[in-house]
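All residue numbers refer to positions in the sequence shown, counting from 1. The structure displayed is predicted, hence computed values, not measured ones.
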Amino acid sequence: MLETLKYLIGSTGVSGFGSKSTAEEVTETCPDLRSITAIITGATSGIGAETARVLAKRGARLVLPARNLKAAEEAKARIVSEFPESEIIVMALDLSSLTSVRNFVSELESLNLPVNILINNAGKFAHEHAISEDGIEMTFATNYLGHFLLTKLLLNTMMKAAKQTGVPGRIVNVSSSIHGWFSGDMIRYIGQISRCKSQYDATRAYALSKLANVLHTKELDQRLKQMDANVTVNCVHPGIVRTRLTREREGLITDLVFFLASKLLKTIPQAAATTCYVATHPRLLNISGKYFADCNEAWTSKLGSNSNEAAKLWAASEIMVSKHAKAVFDPLSAFDYHHM
């Protein structure tokens with residue numbers, strides 16, 4: 001109850017920011033980003049677009065990968081109209097396709113650009129069951145697996161940039177508090193919904209993909225530390241964005257419900273704040289493996305803090321992104337995941 005009250009009134013935490021802080025406010029004291037290159041997935045609209053706008057305002061060079069190039073060019077045009085000196089590169093990327101991820105990284109490497117910040121922001125909620133070209137359920141493929149491979153392939157570039165400049169690289173995985181809604185055997189459920197439509201539940205699949213983002217952060221952090229890489233990785237819950245709500249009924253109770261909902265939901269500038277804070281703020285120098293909400297460190301679900309589950313998911317992910325992976329991932333025969 002106390003936490004809800006703090007959220008509603010926008011009280012600040014130890015960071016000095018809270019639920020009502022905006023992306024512009026949390027980046028006001030960040031270092032000059034003119035020497036920084038940031039990749040932001042899902043930057044054509046919503047939280048991603050605001051994240052891109054604010055980082056451009058602070059001087060960062062942006063790479064905007066997108067499946068819809070027209071939408072990405074329009075997003076670029078909006079930013080450039082506001083900040084004419086912005087340097088923004090639009091590139092093709094379909095995160096649900098592992099081939100597209102590999103092609104994007106190959107094209108990016110040909111540009112010989114440093115990569116200092118990687119924001120894995122793109123996400124989808126698929127009401128209808130679908131399977132990717134790699135045989136993986138579409139929500140999981142887009143929200144998690146594509147980002148897993150993207151991060152894996154960009155890691156050497158980020159480590160190289162950090163070594164040359166002395167500026168630590170930062171990876172930000174955008175998750176959701178909804179990750180706590182998933183319970184059960186992750187690997188088995190991935191296999192089930194990648195093989196059988198009848199097992200699919202849209203909300204559970206989305207929660208699974210967001211839990212995977214959390215566990216990816218946890219395991220990647222351990223690996224970065226073992227490699228002594230000057231790169232950090234953290235995870236964020238942006239909050240639920242305020243949208244236009246429609247009413248079917250009028251009345252005092254309905255008015256009260258909508259009033260309370262409006263206080264719980266965030267504007268897009270508020271929802272982009274935690275991502276921008278974690279990606280840029282000097283306070284988080286060398287802070288890694290953490291989960292943030294409202295620009296302050298927060299708790300994950302019990303499953304989200306399980307190191308064994310994180311290691312298990314990583315091993316399964318390595319198999320799924322392998323060029324020699326089966327057309328449809330089968331956790332029961334791919335490897336004995338119960339004995340890892």
Side-chain angles (χ1 to χ4, degrees), residues 1-4 6-7 13-15 17-19 21 26 41-42 47 51 118-123 125 139-140 142-145 147-148 151 170-190 201 203-226 231-241 264 266 270-279 281 283-284 286-317 337 340:
M1 184 68 184
L2 180 60
E3 290 303 313
T4 302
K6 286 181 179 178
Y7 177 89
V14 295
S15 68
F17 303 111
S19 62
S21 300
V26 304
T41 67
I47 296 170
T51 300
L118 171 61
I119 299 177
N120 291 321
N121 167 80
F125 184 102
T139 302
F140 187 83
T142 304
N143 295 1
Y144 166 71
L145 195 63
H147 284 129
F148 173 85
T151 304
R170 297 195 189 191
I171 300 167
V172 182
N173 288 331
V174 179
S175 180
S176 167
S177 61
I178 291 172
H179 81 269
W181 294 11
F182 184 88
S183 61
D185 190 323
M186 291 183 65
I187 309 301
R188 185 179 295 274
Y189 188 59
I190 296 164
D201 176 272
T203 302
R204 193 173 187 221
Y206 182 78
L208 170 65
S209 72
K210 296 290 101 180
L211 174 60
N213 295 144
V214 173
L215 292 174
H216 177 220
T217 302
K218 187 172 185 65
E219 180 66 16
L220 179 56
D221 171 57
Q222 294 302 311
R223 291 170 180 259
L224 290 170
K225 286 172 179 171
Q226 290 168 8
V231 178
T232 63
V233 58
N234 290 292
C235 195
V236 305
H237 163 58
I240 303 171
V241 178
L264 289 169
K266 290 187 174 186
Q270 290 169 347
T274 305
T275 300
C276 289
Y277 172 74
V278 173
H281 205 279
R283 186 187 184 97
L284 298 187
N286 299 321
I287 299 297
S288 188
K290 305 299 183 182
Y291 175 78
F292 290 84
D294 300 329
C295 301
N296 287 276
E297 191 175 337
W299 294 100
T300 67
S301 68
K302 184 176 179 180
L303 198 54
S305 63
N306 189 312
S307 298
N308 290 333
E309 289 295 325
K312 226 163 40 172
L313 176 64
W314 187 285
S317 302
Y337 66 96
M340 290 186 57

Residues that [X] engages under side chain to side chain donor-acceptor pair (under 3.5 Å), provided they are two or more places apart:
| X | answer |
| --- | --- |
| Thr41 | His147 |
| Ser209 | Asn143 |
| Lys210 | Asn213 |
| Asn306 | none |

[X]: what forms a side-chain contact (heavy atoms from CB on, under 4.5 Å) with it, not counting sequence neighbours?
| X | answer |
| --- | --- |
| Ser288 | Asp221, Thr232, Val233 |
| Ala272 | Ala23, Ile47, Glu50, Thr51 |
| Glu297 | Lys290, Phe292 |
| Thr151 | Leu118, Asn120, Ile171, His216, Leu220 |

Got a sec, which residues hit ring pair (Phe, Tyr, Trp, His ring centres under 6.0 Å) with His179, two or more places apart in sequence or on another chain? Tyr291
Applying salt bridge (Lys or Arg N to Asp or Glu O under 4.0 Å), name anything that partners Arg223, two or more places apart in sequence or on another chain. Glu219
Any pair counted as salt bridge (charged side-chain N to carboxylate O under 4.0 Å, His left out), so long as it reaches residues 298-309, sequence neighbours left out: Glu309-Lys312
Grab the two heavy atoms, one from Gly304 and one from Leu215, that are nearest each other, plus how far apart they are. O-CD2, 3.5 Å
